Amino acid sequence: MPDPYFDVIVIGAGAAGLMCAMTAGQRGRRVLLLDHADQAGKKILISGGGRCNFTNHKTPPERFLSQNPHFAKSALSRYTPQDFIALVEKHCIAYHEKTLGQLFCDGSAREIVAMLLRECESAEVDIRLGHSVTAVRKSDHFTVETNHGAYRGGALVLATGGPSIPKMGATGFAYEIARQFGLAVTEIRPALVPLTFAGKLLEFCKPLAGVAVEATVACGARSFRESLLFTHRGLSGPAILQISSYWRLGDDLAIDLSPALDAAHYLKDQKRTRARAEVKTVLSQVLPSRLADAFAQVHAPDGQIANVSDARLDAFAEMLHGWTVEPSGDEGFAKAEVTAGGVATDGLSSKTMEAKAVPGLYVIGEAVDVTGWLGGYNFQWAWSSGWAAGQAV
């Protein structure tokens, strides 16, 4: 008995894979969607604190990292955030906007997964979960061998993401298959990940674990102004996760702990009006008290503020606006929200996501060397690249 034959086989039932499968199915293609997990969309379900930050109102290409910064433009311009929002509204899913254009479900991320599964069902996509792929071959078609048998397809789509969050079943499978077919893979590293410290910096951060503050964090010319969170291992929070995609080992970070405040002016004003107060006391009016105490203990002059020269207050204010730290590392793929790097874009068509040298082979989503900022950008890349491939297969 011959292996079952499909027009398209999609490996990976995450955001990109589900979008590609339903799009191809809607075009009348016979689609098989395989995943080794027992549930579709597992990363979707845990995203956004369980509410799924499913896109962002604005997704300009410069908010995506890649060795080719132009690669994402085609897919993003042809399937936009507004297109996905229309799909969400079609399914009557309530949503809201948080800061910086980020869109979340009012209810649960399960609504997004259910929506995609309903679209796949209506497009007659054959979804088979618990199917681990053991081998892939190509002749005049693709043969995909699994622990439940072999399947044949005219086109093959790799949508298995990267190795971030391995407890969810994430692996580097897409890179293995890409290399098997001669596609290059760029350097792979954790992105949108907490950063760690060692030595005195770590000892400074540990007692502050749980303290959050709005900050501007810069690495070179790139900076982000969002919340910063102290942890038992170093720093996290949106500002740190964002800058982590640009940070490399050995780089310093410059952190402004009070970006909304002219610290020098404030301290000198306090010197006039609260002469007997200590620097840490006046600092606690504008920073969380635990942070104010710890930062003043290390960096501030001792004694009453009246006895501190303006020059020393200026120097302390400069430190407050430019606290320079050198992370010792990051928390790795276990805590990374996404993977930076992936299948090299110079081997793929930016319009269709098809491998230029391997007709019928497509790579989409996180598996590609395109990594978005925090805030719905990586989901939009999944929707856009999945749609682009689904239109082409």
Side-chain angles (χ1 to χ4, degrees), residues 1-47 91 109-163 165-178 180-181 353-354 358 360-367 382-383 385-387 389-393:
M1 182 177 179
D3 303 334
Y5 187 87
F6 295 85
D7 297 317
V8 185
I9 299 176
V10 181
I11 305 177
L18 286 163
M19 174 59 77
C20 178
M22 69 182 231
T23 303
Q26 289 163 357
R27 295 177 50 242
R29 310 292 280 164
R30 188 181 178 207
V31 182
L32 172 66
L33 178 58
L34 301 172
D35 200 298
H36 69 278
D38 58 1
Q39 188 176 23
K42 292 184 77 171
K43 280 191 178 181
I44 300 175
L45 295 174
I46 67 167
S47 66
H91 286 261
R110 294 184 181 279
E111 295 175 276
I112 298 296
V113 176
M115 172 191 78
L116 296 168
L117 289 175
R118 285 196 296 271
E119 290 286 335
C120 282
E121 182 180 11
S122 67
E124 299 184 355
V125 174
D126 188 340
I127 301 178
R128 304 194 187 190
L129 303 174
H131 279 55
S132 296
V133 176
T134 56
V136 175
R137 301 189 308 275
K138 185 179 189 302
S139 53
D140 59 341
H141 58 267
F142 290 91
T143 299
V144 178
E145 296 182 7
T146 77
N147 57 336
H148 291 282
Y151 304 92
R152 294 178 299 132
L156 177 68
V157 183
L158 301 178
T160 56
I165 319 182
K167 69 179 181 180
M168 302 300 295
T171 70
F173 173 83
Y175 314 141
E176 297 172 16
I177 301 303
Q180 175 187 325
F181 287 103
M353 312 305 295
E354 185 177 22
V358 190
L361 178 65
Y362 298 76
V363 191
I364 59 176
E366 188 182 353
W383 315 137
S385 60
W387 179 90
Q391 288 290 326
V393 291

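Quick note: residue numbers are just sequence positions, from 1. Values in this document were obtained by computation on a predicted structure and should not be read as measured data.
Between the side chain of E354 and the backbone N or O of A392 there is no donor-acceptor pair closer than 3.5 Å. Within the 3.5 Å criterion, the main-chain N or O of Y5 finds a donor-acceptor partner in the side chain of R30. The backbone N or O of W387 lies less than 3.5 Å from no partner atom in the side chain of T23, so there is not a single donor-acceptor pair.
Considering CD of Q391 and CD of Q26, their distance stands at 8.5 Å, rounded to 0.5 Å. We find the CD-CE distance between E119 and M19 to be 8.5 Å, quoted to the nearest 0.5 Å. Rounding to the nearest 0.5 angstrom, the gap separating the CZ atom in R110 from the CG atom in L117 is 11.5 Å. We find the CG-CZ distance between L32 and R152 to be 12.5 Å, quoted to the nearest 0.5 Å. For the atom pair CG of L156 and CD1 of I11, the computed distance is 4.5 Å after rounding to the nearest 0.5 Å.
For the residue pair E111/H91, the side-chain donor-acceptor check at 3.5 Å is not satisfied. Inspection of the Y151 and H131 side chains reveals an N or O donor paired with an N or O acceptor under 3.5 Å. R128 and H148 are not linked by any side-chain donor-acceptor pair at a separation below 3.5 angstrom, with hydrogens and angles left out of the test.
Here the shortest heavy-atom pairing between L45 and A40 reads CD1-O, 4.4 Å. The minimum heavy-atom distance linking H36 with S132 is given by the pair CB-OG, 3.5 Å. Considering every non-hydrogen atom in both V358 and F181, the closest pair reads CG2-O, 3.6 Å. Closest of all the heavy-atom pairs between A382 and A15 is CB-CB, 3.7 Å. Between G14 and D35 the shortest heavy-atom distance is N-OD2, 4.3 Å. P163 approaches Y175 most closely through the heavy-atom pair CD-OH, 3.6 Å.
Two residues are said to be in side-chain contact when any heavy atoms from C-beta on lie closer than 4.5 Å; D38 and L129 fail this criterion. Within the 4.5 Å cutoff, the side chain of I165 has heavy atoms near those of the I46 side chain. Looking at L18 and L33, their side chains come closer than 4.5 Å, going by heavy atoms from C-beta outward.
Counted within 6.0 Å of CZ on R27, heavy atoms from surrounding residues, nucleotides or ligands total more than 12; the atom is thus considered enclosed. Atom CD of Q180 has more than 12 neighbouring heavy atoms from other residues, nucleotides or ligands inside a 6.0 Å radius. The number of heavy atoms from other shown groups lying within 6.0 Å of CD (E121) does not exceed 12.
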### Task
Please lay out, stage by stage, how F142 and I9 fare under the test side-chain contact (heavy atoms from CB on, under 4.5 Å).
CA-CA 9 Å; F142 290 91; I9 299 176; 5.5 Å; no
### Message
Determine whether I44 and L116 satisfy the following criterion, side-chain contact (heavy atoms from CB on, under 4.5 Å), listing intermediate values before the conclusion.
### Response
CA-CA 11 Å; I44 300 175; L116 296 168; 4.0 Å; yes
#### Entry: V393/D7 under side-chain contact (heavy atoms from CB on, under 4.5 Å): CA gap, chis, key distance, verdict
CA-CA 8 Å; V393 291; D7 297 317; over 6 Å; no
### Message
Between C120 and R118, does the side-chain contact (heavy atoms from CB on, under 4.5 Å) criterion hold? Intermediate values first, please.
### Response
CA-CA 5 Å; C120 282; R118 285 196 296 271; over 6 Å; no
